Amino acid sequence: MSILHRLIPLLALICLWLTGQTGQAAEFRNGEDVRVTSPVSDNLFAAGSKLTIAAPVDGDVIAAGFNLDLKAPVSGDAILAGFDLRVAAPVAGDLLAVAADLDIKSSISGDARVTGAEVRLSRGATISGDFSASGGEITLEGDVAGNAQLAAEKVVIAGSIAGNLDVAAVELELLPGARITGSIRHTGPRSVPVPDGVDVGGTVEFRAKEDLDTDGPGVMTLLGTMAALFILGLAVLWLFPALVAGSSAAIRRNPLGRVLVGLGLLLVVPPLAILLMFSVIGLPLGLLLGGLYLLAFPLGLAVAALGLAESRQGRNGRDGPPARVLGRFALVTLALALVSLVPYLGAIGLLLAVALGLGAMAGAVLNARRAG
């Protein structure tokens with residue numbers, strides 16, 4: 001099963017954990033220096049400044065850390081984000097990774113979709129499916145059993161690709177010993193001749209293009225999304241602490257109900273605003289509803305992330321240090337940012353998160369009115 005089909009269930013699992021409804025369905029680790037040294041029998045969610053996974057995981061892995069080292073096998077998919085990221089153990093499913101410096105040194109049984117400032121598929125590493133990578137510099141020394149789709153300022157090919165190679169690069173370097181069974185389709189400012197010692201089974205096509213978009217949905221996109229959501233969340237927490245507390249309580253009581261309420265609001269408000277604008281008396285109210293609707297998406301995301309983080313704290317029955325709540329909030333924003341990188345299904349995941357936040361706010365407002 002591909003990452004695209006598993007991402008929404010994994011996001012739902014994160015939400016269920018934070019709201020305290022998964023029991024022992026997964027393991028969660030977070031802290032400054034996190035080391036996973038005992039086998040994990042289910043899915044693993046982990047975050048830390050320094051994170052090392054040194055024991056087998058019998059499930060999927062979602063992990064983030066400034067320094068992230070995967071040193072033990074993963075039986076499912078791996079979704080990883082970090083500054084310095086090393087994948088040194090087999091992944092039985094698909095790999096989705098975002099990093100500044102990424103080094104894949106093991107086997108990936110499924111597809112790999114990665115992005116980073118520097119991406120390396122080291123010698124001896126294998127990808128059984130397709131390999132899609134974008135970034136600043138990509139070095140392919142290992143073996144790809146499927147097709148390779150690469151976009152970067154500089155691409156170096158020294159390994160083997162059983163399928164086709166589609167590459168968009170300012171600088172393409174084919175080293176002796178490289179083998180491409182299929183065809184090469186190269187887009188860039190200048191053509192690159194195939195040197196002696198490079199085996200190409202198919203054709204070599206070149207399309208001249210000076211301005212290349214080689215960044216893709218990369219590190220800056222991820223960090224920018226996280227930073228914007230985190231800052232907005234802090235502002236909401238500072239300006240409306242009672243609203244956030246009420247929203248987290250609403251999420252904790254009935255998360256699915258909050259999602260349904262939020263989806264209802266997203267569907268009902270636009271036609272209601274249009275109808276009000278056609279009446280003289282309701283014109284100001286219609287314009288106000290339209291303006292609030294535009295704010296609903298970022299505000300819903302922020303409140304959902306904050307509510308999930310605080311609802312976990314409330315379930316534990318203790319306040320805990322604020323830094324711990326902010327740490328959970330950062331983990332949720334990371335999950336949402338990762339979801340935003342996935343085409344199509346990422347938009348659905350974000351829509352569900354927005355609906356959760358809006359439904360939670362509606363629940364908090366109603367409860368406050370009843371209490372008043």
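Here, residue 1 is the first one in the sequence, and each next residue gets the next number. Note that this is a predicted model, so its numbers are computed, not measured.
Contact between Ile127 and Asp130 at its shortest, heavy atoms only, is CG2-O, 3.7 Å. Of all non-hydrogen atoms in Ser128 and Ser109, the two that sit nearest each other are CB-O, 3.1 Å. The two residues Ile53 and Ala63 have their closest heavy-atom pair at CD1-CB, 4.3 Å. Heavy-atom minimum distance, Ile157 versus Ala178: O-CB, 3.6 Å. In plain terms, the two heavy atoms of Ala89 and Pro73 that are nearest each other are CB-N, 3.7 Å. Nearest heavy atom pair, residue Ala364 against residue Gly246, reads CB-C, 3.5 Å.
By the salt bridge (Lys or Arg N to Asp or Glu O under 4.0 Å) test, Asp69 pairs with Arg86, sequence neighbours left out.
Considering only heavy atoms from C-beta on, Ile62 stays 4.5 Å or farther from Leu80 through its side chain. No side-chain heavy atom of Val87 sits less than 4.5 Å from a side-chain heavy atom of Leu68. Put simply, the side chain of Leu174 reaches to within 4.5 Å of the side chain of Pro195, judged on heavy atoms. Proximity of Glu173 to Lys154: side-chain heavy atoms (C-beta onward) are separated by under 4.5 Å at one or more points. Taking 4.5 Å as the limit, some side-chain heavy atom of Leu140 sits within range of a side-chain heavy atom of Phe131. Side-chain contact between Glu141 and Arg120 is present, with heavy atoms from C-beta onward closer than 4.5 Å. Considering only heavy atoms from C-beta on, Thr52 stays 4.5 Å or farther from Leu70 through its side chain. For the pair Leu95/Asp77, no side-chain contact is recorded, criterion being any heavy-atom separation below 4.5 Å from C-beta on.
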Item checked: Chi angles and distances behind the side chain to side chain contact (heavy atoms under 4.5 Å, CB included) call for Thr139, Val119 -> CA-CA 6 Å; Thr139 302; Val119 176; over 6 Å; no

Next item on the list: Go through the steps to decide whether Thr115 and Ser134 satisfy the test side chain to side chain donor-acceptor pair (under 3.5 Å), and finish with yes or no.
Entry: CA-CA 5 Å; Thr115 184; Ser134 62; 3.0 Å; yes

Margin query: Set out, in order, the CA-CA distance, both residues' side-chain angles and the distance that settles side chain to side chain contact (heavy atoms under 4.5 Å, CB included) for Ile180 and Asp199, then state yes or no.
Written below: CA-CA 6 Å; Ile180 296 93; Asp199 184 14; over 6 Å; no

Note to self: Could you go through Phe297 and Leu358, starting from their C-alpha distance and side-chain angles, then the distance that decides it, and tell me whether this counts as side chain to side chain contact (heavy atoms under 4.5 Å, CB included)?
What the structure shows: CA-CA 8 Å; Phe297 290 88; Leu358 292 178; over 6 Å; no

Item checked: Trace of the side chain to side chain donor-acceptor pair (under 3.5 Å) decision for Asp143 with Ser160 -> CA-CA 5 Å; Asp143 302 320; Ser160 68; 2.6 Å; yes

Notebook entry, point to check: Would Met361 and Leu243 satisfy side chain to side chain contact (heavy atoms under 4.5 Å, CB included), going step by step from the backbone distance to the final call?
Noted result: CA-CA 7 Å; Met361 283 190 290; Leu243 177 63; 4.0 Å; yes

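By the neighbour-count criterion of 12 heavy atoms within 6.0 Å, atom CZ of Phe240 is sparsely surrounded, having that number or fewer from other residues, nucleotides or ligands. The local environment of CZ in Arg35 is sparse, with at most 12 non-hydrogen atoms from other residues, nucleotides or ligands closer than 6.0 Å.
Rounded to the nearest 0.5 Å, atoms NE2 (His186) and CG (Leu150) are 11.0 Å apart. Rounding to the nearest 0.5 angstrom, the gap separating the CD atom in Glu205 from the OG1 atom in Thr187 is 9.5 Å. Taking CG from Asp101 and CD from Glu137, the interatomic distance works out to 10.5 Å, rounded to the nearest 0.5 Å. Note that CG of Leu351 and CG of Leu266 are 6.0 Å apart. Values are rounded to the nearest 0.5 Å. The line from CG of Asn164 to OG of Ser183 is 5.0 Å long, rounded to the nearest 0.5 Å. Rounding to the nearest 0.5 angstrom, the gap separating the CG atom in Leu172 from the CZ atom in Arg190 is 10.0 Å.
Put simply, Val167 and Phe206 are part of two different groups of oily side chains (I, L, V, M, F, W, Y) that touch within less than 4.5 Å, one to the next. Hydrophobic cluster membership differs between Val259 and Leu267, with clusters built from Ile, Leu, Val, Met, Phe, Trp and Tyr side chains linked at under 4.5 angstrom. Hydrophobic clustering, with ILVMFWY side chains joined whenever heavy atoms are under 4.5 angstrom apart, groups Val269 together with Val354. If you chain together hydrophobic residues whose side chains sit under 4.5 Å apart, Leu256 and Ile251 never meet in one group. Hydrophobic clustering keeps Leu366 apart from Val303 (ILVMFWY residues linked when any side-chain heavy atoms are closer than 4.5 Å, directly or through intermediates).
A salt bridge is absent between Asp33 and Lys50: the closest approach of a Lys/Arg side-chain nitrogen to an acidic carboxylate oxygen does not fall below 4.0 angstrom.
The closest side-chain donor-acceptor pair between Asp103 and Ser122 falls under 3.5 angstrom.
Side-chain N or O atoms of Arg258 include none that pairs as donor or acceptor with a backbone N or O of Ala360 at under 3.5 Å.
Through direct or relayed side-chain contacts under 4.5 Å between Ile, Leu, Val, Met, Phe, Trp and Tyr, Val156 connects to Leu175.
Of the options Val114, Thr126, Ile104, a side-chain contact (heavy atoms from CB on, under 4.5 Å) to Leu121 is made by Ile104 and by none of the others.
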